[in-house]
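Excluded from the calculations below are hydrogen atoms, water molecules and symmetry mates; all remaining heavy atoms, backbone and side chain alike, are included. Throughout, a chain's letter reflects where its sequence line sits, starting with A, and its residues are numbered from 1.
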2 protein chains.
Amino acid sequence: MSDSIARFRRFARAVTAEVGALDTSFLGRGRPLGAARVVNAIGAGRTDVAEIRAYLDLDSGLMSRLLRSLEDEGLLTTEPHPDDARRRVARLTEAGQREYAAYEDLSDARASALLARAPRAEELLRAMDLVALTLGRDRFAIEEVDPRSEAARTCLQAYYAELARRLKTGFDVKLSRDPEAQAMIRPRGAFLLATADGLPVGCVGLKGRGGPVAEIKRLWIDPAARGFGLARQLMEAVEAAARDLSIAVLRLDTNSALPEALALYRKAGWVEIDRFNDDPYPDHFFEKVL
Amino acid sequence: MSDSIARFRRFARAVTAEVGALDTSFLGRGRPLGAARVVNAIGAGRTDVAEIRAYLDLDSGLMSRLLRSLEDEGLLTTEPHPDDARRRVARLTEAGQREYAAYEDLSDARASALLARAPRAEELLRAMDLVALTLGRDRFAIEEVDPRSEAARTCLQAYYAELARRLKTGFDVKLSRDPEAQAMIRPRGAFLLATADGLPVGCVGLKGRGGPVAEIKRLWIDPAARGFGLARQLMEAVEAAARDLSIAVLRLDTNSALPEALALYRKAGWVEIDRFNDDPYPDHFFEKVL
DNA sequence: CATAATAGCTGACTTTAGTCAGGCATTATG
DNA sequence: CATAATGCCTGACTAAAGTCAGCTATTATG
């Protein structure tokens, strides 16, 4: 398949040009690229000098000089790290934050200009998601969030939409047993969100009733994030959360129109049991003793 | 949709890291990036010095010095352009070709390493195609080729596969009137191939019988290249080719399962006519007087 | 508590990239 | 055929990036 390599490389050429153009636009703010990158790294939350150095792959001497020049410009201040006075942390001043915002605006403007001229923007974004997640040096992060948070709701909406698409019967949340949020918040339950580079890419809910039995609900992975073992990671994380909440037995229901989910549960040691609710959508029921 | 911007930018971060890593790997061959880029540009077929300069956006002084240093290394030779002695053309020596091959190997290795770790490589490539074509600074090129050439056959295979997928009846080339290649080669007809950055992305055939009436066949556009008006461009090009061959009347048949094709023909001034063949697949017939 | 390791800083570099004015052939143009 | 324009070259820069040895202050370790 040398053709795949040619296709990959056509892609690489196209994005190289795009990346170069963005760098050039950064120069427009009268500061060399190295300094601009430092401002952006700090603005993005990388405050530890060593961390920035590792991220940007800079020599310590060069890093030091860049910090000094940005300090002279009044864009940042440095101070010793509270836990270790050998290390330093950098912080943007107000002027620095304005500069960072200006760089962000440049990037945002490029992004929206490009999206605007794309004939099928949503399809393009899905493609970009897949590429970003495959190339991504950051792996996935899993955190516990409120199921009513915006990120959680984004995932849930996508989950409902996918069920509606894939179940032969369609899917209407109102007809299903929609767990109220409290059941998926500690101390009764939990709701886990998986993110990649800050954007939500998957979720799973643990719906408890205060007793030793709880249910796994709403396991969903962004199509672009499938194939990386994220569902398994989320399931492991939610089982850990359940143990933490002293849950002894986990249950879940699912539908045979979702074969990848069935396969996952079977492989992860879940055993099939009889129907335990009268929800109209599921046709398979599983249990796992922790 | 500020979320789209966030998604775009996650993509940009991921590919920036990837691009940077490739550049770094180029440095491993003991030559600054500028010089490496020149070697690659020439290796890729850009021999004219002015053309390389425009492509890499280099100052004439800098370009000159890079050429000189590569000449000193024995990687290339320059000579005056045969048509215009002010211009120069650069040519890689054998040593230069070996260096170019080494750079190509580095790129290929990165590409295949990345593709190997992608869980769904074909889906990833489709995504990359779409991104590359949307960002691509090079627009499409249309050229006349032999319908039996490899690139043409790639398109035709994809065309047949798509018909098989989209027609309710399925599609079997053998049951259709497959024009023999001679009918799509001058002087009887023509076959046009659209490429993007060297890779085939669409085709159209003009099937003539020597008389004033000819048929348009095999119009196909790579899904990743749809929405850019390429079908219209190909139709215009094939009409021009038909005029060039003194064709007076063009005909074509198509199927209502391909609504975008029907819309295109109607918009381009084609008028619907009665069935003019007994091919089992088409259910719509069009004509255009040139 | 002496010693080693770590994080960052400074000075003194080199290399790479980029800029600009002027020059020399060569080619186009009125 | 004089003049202008073009394409490339050279010299003489400046700016940015990257390297390296040695320094100081701090923290970890046996």
Side-chain angles (χ1 to χ4, degrees), chain A residues 16 19-42 46-73 75-91, chain B residues 16 19-21 23-42 46-73 75-91 103:
Chain A
T16 301
V19 165
L22 182 60
D23 282 355
T24 306
S25 82
F26 274 13
L27 287 176
R29 297 202 64 75
R31 197 171 291 109
L33 253 167
R37 276 199 247 274
V38 171
V39 170
N40 284 313
I42 302 171
R46 269 172 252 266
T47 51
D48 226 88
V49 169
E51 189 191 353
I52 302 170
R53 226 152 71 63
Y55 177 67
L56 299 177
D57 190 28
L58 292 176
D59 172 87
S60 94
L62 182 49
M63 177 78 213
S64 188
R65 261 176 274 270
L66 288 172
L67 286 174
R68 231 44 64 225
S69 84
L70 290 166
E71 260 179 351
D72 291 350
E73 267 196 89
L75 299 189
L76 56 81
T77 58
T78 59
E79 55 197 77
H81 192 287
D83 300 345
D84 180 346
R86 289 171 303 183
R87 297 197 276 161
R88 311 217 97 207
V89 287
R91 192 183 312 281
Chain B
T16 301
V19 165
D23 282 355
T24 305
S25 82
F26 273 14
L27 286 176
R29 296 202 64 76
R31 199 171 291 109
L33 254 168
R37 275 198 247 273
V38 171
V39 170
N40 284 313
I42 301 171
R46 271 172 251 265
T47 50
D48 226 89
V49 168
E51 189 191 353
I52 302 169
R53 225 152 72 62
Y55 177 68
L56 298 177
D57 190 28
L58 293 176
D59 172 85
S60 93
L62 182 49
M63 177 78 212
S64 189
R65 263 176 272 271
L66 288 172
L67 286 174
R68 232 44 64 224
S69 84
L70 290 167
E71 261 179 350
D72 291 351
E73 266 197 271
L75 300 188
L76 55 82
T77 58
T78 59
E79 54 198 76
H81 192 286
D83 299 345
D84 181 346
R86 289 171 303 184
R87 298 197 276 161
R88 311 216 96 207
V89 288
R91 190 183 311 284
Y103 283 122

Consider the side chain of [X], meaning its heavy atoms from C-beta on, and name the nucleotide among [options] that approaches it most closely.
{"X": "A/Pro32", "options": "C/dA25, D/dT27, D/dA17", "result": "D/dA17"}
{"X": "B/Ser64", "options": "D/dA17, D/dT10, C/dT19", "result": "D/dT10"}
{"X": "B/Ala50", "options": "D/dA17, D/dC8, C/dC9", "result": "D/dC8"}
{"X": "B/Arg86", "options": "C/dC20, D/dC9, D/dG7", "result": "D/dG7"}

Residue-phosphate contact under 4.0 Å: B/Arg68 side-chain N/O, D/dC9 OP1/OP2 =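 Answer is yes, contact under 4.0 Å.
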Do any side-chain nitrogens or oxygens of A/Arg65 fall under 4.0 Å of OP1 or OP2 in C/dC9?
->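 Result: no.
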Could you grab the distance from atom [atom1] of [X] to atom [atom2] of [Y], nearest 0.5 Å is fine?
{"X": "A/Arg68", "Y": "A/Met63", "atom1": "CZ", "atom2": "CE", "result": "9.0 Å"}
{"X": "A/Thr78", "Y": "A/Ile42", "atom1": "OG1", "atom2": "CD1", "result": "9.5 Å"}
{"X": "A/Asp23", "Y": "B/Thr16", "atom1": "CG", "atom2": "OG1", "result": "7.0 Å"}

Calculate the interatomic distance between [X] atom [atom1] and [N] atom [atom2]; express it in whole Å.
{"X": "A/Arg53", "N": "C/dA7", "atom1": "CZ", "atom2": "P", "value": "8 Å"}
{"X": "B/Phe26", "N": "C/dA17", "atom1": "CZ", "atom2": "P", "value": "14 Å"}
{"X": "B/Glu51", "N": "D/dG7", "atom1": "CD", "atom2": "P", "value": "13 Å"}
{"X": "A/Leu62", "N": "C/dT14", "atom1": "CG", "atom2": "C1'", "value": "14 Å"}
{"X": "A/Met63", "N": "C/dC9", "atom1": "CE", "atom2": "C1'", "value": "12 Å"}
{"X": "A/Leu58", "N": "D/dA16", "atom1": "CG", "atom2": "P", "value": "15 Å"}
{"X": "A/Asp59", "N": "D/dA16", "atom1": "CG", "atom2": "C1'", "value": "14 Å"}
{"X": "A/Arg88", "N": "C/dT6", "atom1": "CZ", "atom2": "C1'", "value": "15 Å"}

Please answer whether the main-chain N or O of A/Ser60 pairs with a side-chain N or O of A/Ser64 as donor and acceptor at a distance below 3.5 Å.
->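 Here the side-chain-to-backbone pair does not exist.
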Main-chain N/O of A/Leu22 paired with A/Ser25 side-chain donor or acceptor, under 3.5 Å =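 Yes: the side chain of A/Ser25 pairs with the backbone of A/Leu22.
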Contact nearer the 5' end of DNA chain D, comparing A/Pro82 with A/Leu66 |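 Result of the comparison: A/Leu66.
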Under 4.0 angstrom, heavy atoms only, what part of the nucleic acid is A/Asp84 near: base, sugar-phosphate, or nothing?
->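 Since only primed, P, OP1 and OP2 atoms lie under 4.0 Å of A/Asp84, the category is sugar-phosphate.
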